[in-house]
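Report on the following structure.
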There are 2 protein chains.
Amino acid sequence: VTAQFFASRWVPKPEHVVELQGTGLPPGFRAAGVACGIKPSGARDLALLVSDDRDTTSAARFTRSGVLGAPVLLTMERCDLEHIRGVVVNSGNANVATGGMGLDNAAKMQGSAAIATGVGSERAVAVASTGVIGVPLPMHDITRGIVAAAHELSPDGDEAFAAAIQTTDAFEKRARLQVRLPSGTVTLTAQAKGAGMIEPGFATLLVFVQTDASMSPETADLLLGVTVKRSFERISVDGQLSTSDTVILQANGAANVHIEPESEDELRFGEALDALMRQLALLVAKDGEGARRTGRVVVHGGSDELVERVARAIANSPLVKTALYGGDPNWGRIAQAAGAALAGMAPVPLDISIEGVTVCARGAVRPFDAEALKEAVQKDEIQYDIGLPGDGAETEVFFSDLGHEYVTINADYTT
Amino acid sequence: VTAQFFASRWVPKPEHVVELQGTGLPPGFRAAGVACGIKPSGARDLALLVSDDRDTTSAARFTRSGVLGAPVLLTMERCDLEHIRGVVVNSGNANVATGGMGLDNAAKMQGSAAIATGVGSERAVAVASTGVIGVPLPMHDITRGIVAAAHELSPDGDEAFAAAIQTTDAFEKRARLQVRLPSGTVTLTAQAKGAGMIEPGFATLLVFVQTDASMSPETADLLLGVTVKRSFERISVDGQLSTSDTVILQANGAANVHIEPESEDELRFGEALDALMRQLALLVAKDGEGARRTGRVVVHGGSDELVERVARAIANSPLVKTALYGGDPNWGRIAQAAGAALAGMAPVPLDISIEGVTVCARGAVRPFDAEALKEAVQKDEIQYDIGLPGDGAETEVFFSDLGHEYVTINADYTT
């Protein structure tokens, strides 16, 4: 795991959370990641994760794209989402736009994984795929990979699992936390992938979270829903909602700590999960393909709809993103992006601050120390605060910059 | 002017239109472009254009951004838009987010230009500015520039005028056409600038069009409105609606050919204006900062709203744009962008063709000749055809690619 997981000033580590080093899932979970030949590089590309306890509870969120990957369709429709025990993932091929054959292949992955992991019931196995769109899955390799991975399932398999779900990721996104609750201490682990095609509607990418706490499926769903909204729903690498986003939380109860609804345990566990998800989301934005800097735009004003629209417009503006990349305090582009989001509403008296320096007040430039501002935007994390007329609404979006590496990575991905 | 103006297969030259070479405005129009010191490079940055006839009619369109440049606000509110005779433009500074002083400065430009050109009435002079946002205009330089430009006003000044309105443009966008109408032959000229911050709502950039035909302000407004919708409203470089977009059409009647409403003259003149505007718009997309290739996405289906949403999503997807740049037939990104635009409507049975090759039918990949497709997407202009369920609605968007040059240009623009 990352030496220091909670590294951002934007996501403070809750006091009752301890970061663990090394590898290892909560007791009762096992995982593996192997290379089965989908990725030409020979890197790991087939991952399995299983919870041995039959009473494991779970919750899940998926992309809401109008073009869904076969694994997403299958998992949404043919899984008992409240009792997912096994997860099978391949990287290197998204199994999207592959028609009836794609659905058959996703079902084969599910069936093979149910047998190989000993879970038995297909309805307890979720399937996820990520990678190139429109290419049939190499089922022979995948089936062999599932069998091989099943042999390697291990309580310490989270590192291999995390590696095998990645595609263009530049670094590992994995966390191991100990969470002190009033009723006892539980473990919370997570593995995520994602660096491009990132602007989730309410879930994104592939994110798998495990805990040895116990909770009802309703509690799992509530906690996952709230924390996804505050994390993966608030990031954008390139404004591109994926076809394959999947987030799954599993709880097996091995720690004998039950999370009752509306309890202090639930509150504290929720805080830990929230921090975990926000930091993971931030890592995805930071790993935005080729990203050098991360931006956070905070917009406040009188209308939920308008603050959201303005925050997204700024986070997705290629002009803002290239300025962030260039370490250029070009606040005119912030004004332009906000103006575009507020089409037909001129004149809007905008306030704009960058790293705490007010550059524009009520729509007009304000004197500021240009040298100091230029210095401030050379950091790794840059915050933009935007004020619209009115009060009561506020939102934030984390976003990556747009640089040469993004172009290099994306101009030549399939070939 | 460009050796061959109508160079794109997407905009055929109407039969009754002849391209003219060299310089020269329609009789009765004069223009000039000088360097007054706004651009550090010493390039031309102050432009004047005047129609000597007091009975000149005109029509105009502006950006609908919520953050409007002072010149746009001033021109919209203090000009007689049906009788614009003079146009004063500076490049290098957009006079946006400059508060009350910015409005005062725009008014000073208008007043100085009214006197210097002999137009007299300020209400007959339009003002436009383009360049950096949030920096006060250097009024001393600008006033001197207006006086200098007035001395250079010439019937052949269109080339200098076109140069002086440009910012990051890589090439000239200027046209001179002869249009044969049933009632006689008229001249139609245009000068445009624009390469970035391009996704107009209904007008874009700076575009000035002159003719020696005569027409009522209502006819001018109708023709400009219709042709802007089919041209500058259908392009995107970076999805960024500008604060300063301005399009002005002026008609001085010097050719003694009157365009009557609903006449054959109006139809033919409209066709010529339409081709002119579409080709100019395409030149702006082609000049998309650092662009290598231009895409055209045509979407058909059963709903005006959905075809528009899908076309914009594809044209503005950085993943599609980097693939276009890379000459990569990555149609999965087309499917992904369409899916994102159709969030919550899965499964949508998409049809996708690239350069006439069907790669996806009813949502699933179709066998195609990958080598031939790869070859086809190496051209300068690439067409994407998307089919959604249903019939009766169709739209198109022209868009530039996203490459290293865009990043280079935009990562370091103010500094």
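Remember, predicted model here, so these are calculated numbers, not experimental data. Quick note on labels: first sequence line is chain A, next is B, and so on, each numbered from 1.
- Residues B:Gln336 and A:Val96 have side chains not in contact (no heavy-atom distance under 4.5 Å, counting atoms from C-beta outward).
- Across A:Val365, A:Leu342, A:Thr98, the residue that shares the most heavy-atom pairs under 4.5 angstrom with chain B is A:Val365.
- Contact tally against chain B (heavy-atom pairs below 4.5 Å) for A:Cys360, A:Ala323, A:Ala343: the top residue is A:Ala343.
- If you measure heavy-atom distances from A:Leu350 to chain B, the contacts under 4.5 Å come from the side chain alone.
- Just one of A:His404, A:Glu405, A:Lys321 meets the side-chain contact (heavy atoms from CB on, under 4.5 Å) condition when paired with B:Val407; it is A:His404.
- Between chain A and the residues B:Gly134, B:Ala361, B:Gly99, the most heavy-atom pairs under 4.5 angstrom are made by B:Gly134.
- Shortest non-hydrogen contact noted between B:Leu402 and A:Tyr406 is CD2-CE2, 4.5 Å.
- To the nearest 0.5 Å, the span separating CG on A:Asn316 from CG on B:Asn316 amounts to 10.0 Å.
- Pairing each heavy atom of B:Ser65 with each of A:Ala346, the nearest pair is O-CB, 3.5 Å.
- The 12-atom threshold is not exceeded at CE of A:Met76, counting heavy atoms of other residues, nucleotides or ligands nearer than 6.0 Å.
- Between chain A and the options B:Ala94, B:Ala364, B:Gly102, the largest number of non-hydrogen pairs under 4.5 Å is found for B:Ala364.
- Considering only residues two or more places apart in sequence or on other chains, B:Gln378 meets the side-chain hydrogen bond (donor to acceptor under 3.5 Å, both in side chains) condition with none of them.
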